[in-house]
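Values reported hereafter were calculated over all heavy atoms of this structure, with side chains retained and with hydrogens, waters and symmetry mates removed. Residues: numbered from 1 along the sequence shown.
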Amino acid sequence: MKRVINFMGIRHIAFAVTVLLTLVSLGSLAVKGLNFGLDFTGGALIELTYEQPADLAKIRGQLAEAGYDDAVVQHFGATTDVVVRLQGDDPQLGNKLAADLDKVSAEQFGVKRVEFVGPAVGEELRDQGGLGMLLALGGILIYVAFRFQWKFGFGAIVSLIHDVIVTLGVFSFFQIPFDLTVLAAVLALIGYSLNDTIVVFDRIRENFRVLRKADLIENINISTTQTLLRTLATSISTLLAVIALMVFGGENLWGFSLALFIGVTAGTYSSVYIASTLLVWLKLTRDDLIPPVEAEEVDDRP
């Protein structure tokens, strides 16, 4: 057999890192909270088109001069197209902003679209998004518990919760806007991280039948080593695509790609040092994977 990497040899250090990251993330979420975007808070979205490539810094200065200090200004597609986002509960906010900007701007621009999201709609989207995330985690717990065994299911769900908390913690700590695209990325990384964990779990279960003299820690080290190349190939190829999105996708996809980047990195780590480590603490044995033998009914009739 090829050289086996002793992943479980540093499981206590990894646990300390996990606890630290989780506590920092939860603390940031409790103190700072998430910087919800217009999708969740309500406000106006205005698309503008300029005759020449737009200078975002100059537009921000013009909006600040007009009294809109909190407006978010981004390119939208071409360099001549600009999208402006501003929180508020006035349905006419977008039209007022466009009119005020026209007064202080020397450049000619046209208004392509003005949309308003009410606070009630934003709150409903936030509640439904959170419910969708909880349902996804619950469904995964049931699936893994039935496919493997409840100890596997518990390990998988804890690692997924860790990935979600760390991702949300980064967005909270740096106050990066959290909108529907970021929520979609969080739901996507739940599925990605589970896939990585299932591959390792499958090999551990298979090696319980093959490596009859190996204990659980040795089994996990061997199984993780055997799946390492596959895990690295999947993670690196995914990260390359995500980095391309971060570099070339523009500001509209920055939050989405950043959430995926954090989630893929955390998911690769948690598949080994959370999901598998919990199997050690829960004392998984070969007997746990053997279905119980049903006692045969004895026919005592004469």
Side-chain angles (χ1 to χ4, degrees), residues 25-26 28-48 54 56 59-60 63 68-78 81-91 93-94 97-98 112-137 160 163-193 238 241-267:
S25 298
L26 289 174
S28 180
L29 288 169
V31 175
K32 292 185 174 182
L34 289 171
N35 180 19
F36 288 108
L38 295 184
D39 298 330
F40 299 114
T41 61
L45 181 147
I46 308 98
E47 283 187 28
L48 308 174
L56 297 185
I59 295 173
R60 292 188 185 102
L63 288 171
Y68 301 98
D69 297 318
D70 299 329
V72 178
V73 183
Q74 298 173 327
H75 278 301
F76 187 76
D81 294 333
V82 174
V83 61
V84 181
R85 296 180 174 88
L86 183 65
Q87 295 183 5
D89 54 6
D90 183 1
L93 181 61
L97 184 146
K112 295 177 63 176
R113 178 166 64 108
V114 176
E115 289 186 357
F116 176 77
V117 178
V121 176
E123 185 177 351
E124 183 180 357
L125 288 173
R126 183 178 58 202
D127 294 343
Q128 290 180 346
L131 179 61
M133 190 182 303
L134 292 176
L135 290 176
L137 291 173
L160 292 179
D163 299 342
V164 172
I165 289 176
V166 169
T167 303
L168 297 180
V170 172
F171 274 77
S172 171
F173 187 82
F174 295 102
Q175 287 295 286
I176 302 170
F178 188 92
D179 54 21
L180 284 177
T181 61
V182 178
L183 177 60
V186 172
L187 292 173
L189 72 88
I190 289 176
Y192 177 90
S193 180
T238 304
V242 170
I243 291 172
L245 272 179
M246 295 177 70
V247 175
F248 302 108
E251 295 184 51
N252 290 321
L253 290 177
W254 169 255
F256 174 83
S257 54
L258 178 62
L260 284 179
F261 183 89
I262 299 168
V264 169
T265 305

Query - Smallest separation among heavy atoms of His75 and Ala54, with atom names - result: CE1-O, 3.5 Å

Requested in this report: Please report the shortest heavy-atom distance between Phe171 and Leu34, naming the atom on each side.
Outcome: CB-CD2, 4.2 Å

Requested in this report: Taking the side chain as every heavy atom from C-beta outward, state whether Val84 and Val72 have any atom pair closer than 4.5 Å.
Outcome: no

Report summary line: To the nearest 0.5 Å, atom OG of Ser172 lies from atom CD1 of Ile165 at 12.0 Å

**Report entry** Distance (rounded to the nearest 0.5 Å) between Leu48 CG and Ile59 CD1
**Finding:** 7.0 Å

**Report entry** Exercise: identify the closest heavy-atom pair between Leu45 and Arg85
**Finding:** CD1-NE, 3.8 Å

**Report entry** Crowding at CZ, Phe36 (>12 non-hydrogen neighbours, <6.0 Å)
**Finding:** yes

Report task. Applying side-chain hydrogen bond (donor to acceptor under 3.5 Å, both in side chains), name anything that partners Gln87, two or more places apart in sequence or on another chain. Result -> none

Report task. Measure across Ser25 and Gly169 and return the closest heavy-atom pair with its distance rounded to 0.1 Å. Result -> CB-CA, 3.7 Å

Requested in this report: Would you check, one step at a time, whether the test side-chain contact (heavy atoms from CB on, under 4.5 Å) holds for Val182 with Phe256?
Outcome: CA-CA 5 Å; Val182 178; Phe256 174 83; 5.5 Å; no

Query - Residue pair Met246 / Leu258: nearest heavy atoms and the distance that separates them - result: CE-CD1, 4.1 Å

Report task. Can you measure from CZ (Phe178) to CG (Asn35) and round to the nearest 0.5 angstrom? Result -> 11.0 Å

Requested in this report: Spell out, as yes or no, whether a donor-acceptor pair under 3.5 Å connects the side chain of Gln175 to the backbone of Gly33.
Outcome: yes

Report task. Check whether any side-chain heavy atom of Phe261 sits under 4.5 Å from a side-chain heavy atom of Ile243, and report yes or no. Result -> yes

Query raised in the report: For the side chain of Thr167 and the backbone of Ile262, is there at least one donor-acceptor N/O pair under 3.5 Å apart?
Result: no

**Report entry** Nearest heavy atoms of Leu29 and Leu168, plus distance in Å
**Finding:** CD2-O, 3.8 Å

Query - From CA spacing to verdict: side-chain contact (heavy atoms from CB on, under 4.5 Å), Leu56, Val82 - result: CA-CA 8 Å; Leu56 297 185; Val82 174; 4.0 Å; yes

Report task. Can you measure from CH2 (Trp254) to OG1 (Thr181) and round to the nearest 0.5 angstrom? Result -> 13.0 Å

Query raised in the report: Do the non-hydrogen side-chain atoms of Asp81 and Glu47 ever get within less than 4.5 Å of each other?
Result: no

Report task. Please identify each residue that fulfils salt bridge (charged side-chain N to carboxylate O under 4.0 Å, His left out) with Arg60, with sequence neighbours left out. Result -> none

Query - Gap separating the OG1 atom of Thr265 from the CG atom of Leu260, nearest 0.5 angstrom - result: 10.5 Å

Requested in this report: Any chance you could measure Ile46, atom CD1, to Tyr68, atom OH, to the nearest 0.5 Å?
Outcome: 8.5 Å

Query raised in the report: Mind checking what makes side-chain hydrogen bond (donor to acceptor under 3.5 Å, both in side chains) contact with Ser193, not counting sequence neighbours?
Result: Asp163

